[in-house]
Amino acid sequence: MSQISPFSQTGKSVVMGILNTTPDSFSDGGQFVSVESALAQALKMQREGADIIDVGGESTRPGAKNVSTVDEIERVIPVIMAIRKQSDVLISIDTSKPEVMNEAVKAGANIINDVNALRAQGALDVCAQLAVPVCIMHMQGEPRTMQDKPVYDDVVDDIKQFFEQRIEACINAGIKRQNIILDPGFGFGKTLEHNLQLLKRLGEFQVFELPVLVGLSRKSMLGKILHDSAADNRLYASVAAAVLAAVNGASLFRVHDVKATVDALKVCDALNGM
Ligand code: 7PM
């Protein structure tokens, strides 16, 4: 296998722990408290085996209000600096805004995670300049409306076409091919059927010979399968989904429940190593 990214060279699954820095996730009032608790959560996920901490300011979440660039920077930069001061863990920045990408990498982030696949004005150029790995995620439509009647010809073929175009755009902008990570974007403009097709046929994305990242953790597709809408009842389903994605070739996993996922993926990795 000609895997030439910093990830999955060894065949070990890479776990990315989700760290939200939204005011309601960590605020007990002051900014200091919020940075302190975000840092504690990041260090806990690292101890549990996370290889990457994904720091997000919520602007990219489906249905989320638009956060201004200044507000997003004020949320994520102090957290990145605090983690970097205490730890060498890899940090990814979950953003679509080129200014945030730039400030985050200057503050110590190592990877850019963009649910908008670097389609914002200036994002490709900033990422080429920063020369860090980038995760380009597929999303049909825009967060506010993407779940009203998503339609595909063939969801896997359509996303493969999208990746072809975005990889070409990245390379034309000067991003190295070996710095690209692909993510089919579970739940982003997809019905349950689309998401299941994607999971079942995830192996088809191996044609690009690039690492595949999946975000399945606690997603509503799992709630639909379970007939249970409570997101905190999705742990076992999330772990099962991660294992199935691993079997189908995923090498990076963006998750809330680090310890459970790391243990499950160790079993997958043990078989892959035989
Ligand atoms: C509400 C609904 C809040 C969905 C948050 C979400 C992904 C991501 C997210 C993903 C990559 C979540 C999502 N999902 N980045 N950011 N891949 N690369 O479940 O699937 O965390 S936000």
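Start at 1 and go down the list; that is how both ligands and their atoms are numbered. Scope of the values below: all heavy atoms of this structure, side chains included, with no hydrogens, waters or symmetry mates. None of these values were measured; they are calculated from a predicted model.
- Neither the backbone nor the side chain of Arg218 has any atom closer than 4.0 Å to an atom of ligand 1 (non-hydrogen atoms only).
- Selection from Arg254, His256, His138, Lys219 by nearest heavy atom to atom 20 (O) of ligand 1 gives Lys219.
- Looking at heavy atoms from C-beta onward, Leu182 lies in side-chain contact with Ile167 at the 4.5 angstrom threshold.
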Go through Val255 and Ser238 one step at a time and tell me if the side chain to side chain contact (heavy atoms under 4.5 Å, CB included) criterion holds.
CA-CA 8 Å; Val255 304; Ser238 297; over 6 Å; no
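- Counting the atoms of ligand 1 from 1 in the order shown, those under 4.0 Å from a heavy atom of Asp94 are 16 (N).
- Of all non-hydrogen atoms in Phe186 and Gly215, the two that sit nearest each other are CB-O, 3.5 Å.
- With ligand atoms numbered from 1 in the order given, ligand 1 contributes 18 (N) to contacts under 4.0 Å with heavy atoms of Leu213.
- The distance from ligand 1 to the heavy atoms of Val115 drops below 4.0 Å at these ligand atoms: 8 (C), 15 (N), 16 (N).
- Taking a cut-off of under 4.0 Å to the non-hydrogen atoms of Asn113, the atoms of ligand 1 that pass are 11 (C), 15 (N), 18 (N).
- Within the structure, side chain to side chain donor-acceptor pair (under 3.5 Å) pairs that include any residue of residues 153-175 comprise Asp154-Arg201 (at least two apart or interchain).
- Side-chain contact of Arg75 with Asn20: a donor-acceptor pair under 3.5 Å is absent, judged by distance alone.
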